[in-house]
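What you see below is based on every heavy atom in this structure, not just the backbone, and it leaves out hydrogens, waters and symmetry mates. Throughout, a chain's letter reflects where its sequence line sits, starting with A, and its residues are numbered from 1.
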Amino acid sequence: MRHWLVKTEPDAFSLDDLRRESPALWDGVRNYQARNFLREMQLGDVVLIQHSSCKVPAVVGLAVVSELALPDPTASDPEHKGFDPRQVADIDAGKPPRWIAPRLSYLRPLRTTLPIARLKARPELADSHLVRRARLSVMPLSESEAACIASLADDTLLP
DNA sequence: GCCAACGTTGGC
DNA sequence: GCCAACGTTGGC
């Protein structure tokens, strides 16, 4: 079982929104590195939800991967902001969809929410994607990184 | 709202 | 295939 971290803007879709709408399609990813990580997700993997572009950016809760990478419907919708005509072309050509979305099921809030600033200060996380890769919206956590976060959050990070 | 750190686009 | 211009993300 792997741990992942995903970012979401709470004004658009918060952890509470996920709780109410669980399970929810995690759509809208339009970055190839993030997409590749979405492809690697396995059923039962635990996903840390991080609120971004808000007052206190922080890891706030947990979800679990409950359905694997589906074609992202928002990429096929011309009315949608994330529309990408190449998605339609891929599907018409019988190719794997360019943009995908897993389904995530709400688990729980962290007992202790973890502001990003606090995580960035931790030497154990200095080499993590979280600290090193700006703007990446989906990333894996190593076992040691997950253990560090589990300790800080006073949570097992287990389903 | 600023701006650094990216990723993407398109002319050549 | 290079790279300048441009757009976006997201912490601060």
Chemist: How would nucleotides 3-8 of chain C be written as a contact map, 5' to 3', with B for base contact, S for sugar-phosphate-only contact and - for no contact, using protein heavy atoms under 4.0 Å?
Modeler: ----BB

Chemist: Take atom CZ of R133(A) and atom C1' of dT9(C), then tell me their distance rounded to the nearest Å.
Modeler: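 Between C1' of dT9(C) and CZ of R133(A): 13 Å.
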
Chemist: Take atom CG of L136(A) and atom P of dG10(C), then tell me their distance rounded to the nearest Å.
Modeler: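 Checked: the CG to P distance equals 9 Å.
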
Chemist: Could you walk me through whether T113(A) and R118(A) pass the side chain to side chain donor-acceptor pair (under 3.5 Å) check?
Modeler: CA-CA 10 Å; T113(A) 65; R118(A) 188 169 174 215; over 6 Å; no

Chemist: Nearest whole Å is fine: how far is dG10(C) P from L130(A) CG?
Modeler: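 My rounded result for the distance is 11 Å.
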
Chemist: Can you name the one residue among L107(A), V60(A), I149(A) that meets side-chain contact (heavy atoms from CB on, under 4.5 Å) with L48(A)?
Modeler: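 Checked L107(A), V60(A), I149(A) against L48(A); only one passes side-chain contact (heavy atoms from CB on, under 4.5 Å): I149(A).
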
Chemist: Return yes if some donor-acceptor pair links the side-chain N/O of T156(A) with the main-chain N/O of L158(A) below 3.5 Å, else return no.
Modeler: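 Yes; judged by distance alone, with no hydrogens or angles, the pair exists.
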
Chemist: Of all heavy-atom pairs between F83(A) and A75(A), which one has the smallest distance, and what is that distance?
Modeler: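 For F83(A) versus A75(A), the nearest heavy atoms are CD1-O, 3.3 Å.
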
Chemist: As a quick check of understanding, evaluate salt bridge (Lys or Arg N to Asp or Glu O under 4.0 Å) for D127(A) and R132(A), giving each step before the final call.
Modeler: CA-CA 6 Å; D127(A) 290 330; R132(A) 307 205 88 178; 3.5 Å; yes

Chemist: Round to a whole Å and report the spacing from CE of M139(A) to C1' of dG10(C).
Modeler: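 Atom-to-atom, M139(A) to dG10(C), this comes out as 11 Å.
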
Chemist: It should be established whether Q50(A) places a side-chain nitrogen or oxygen under 4.0 Å from OP1 or OP2 of nucleotide dG11(C).
Modeler: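 Affirmative; the distance criterion is met.
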
Chemist: Kindly say whether A58(A) contributes a backbone atom to a donor-acceptor pair with the side chain of Q50(A) at under 3.5 angstrom?
Modeler: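 Not at all, since once roles are kept as given, no pair shorter than 3.5 Å links the two residues.
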
Chemist: Does K7(A) make a side-chain N or O approach to OP1 or OP2 of dT9(C) shorter than 4.0 Å?
Modeler: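 Answer no for this pair, as no side-chain N or O of K7(A) is under 4.0 Å from OP1 or OP2.
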
Chemist: Give the rounded distance in Å between these two atoms: CG of N31(A) and C1' of dT9(B).
Modeler: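 The answer, rounded to whole Å, is 15 Å.
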
Chemist: Determine the contact category for S52(A): base if any of its heavy atoms lies under 4.0 Å from a base atom, sugar-phosphate if only primed atoms, P, OP1 or OP2 are that close, otherwise nothing.
Modeler: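 Since only primed, P, OP1 and OP2 atoms lie under 4.0 Å of S52(A), the category is sugar-phosphate.
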
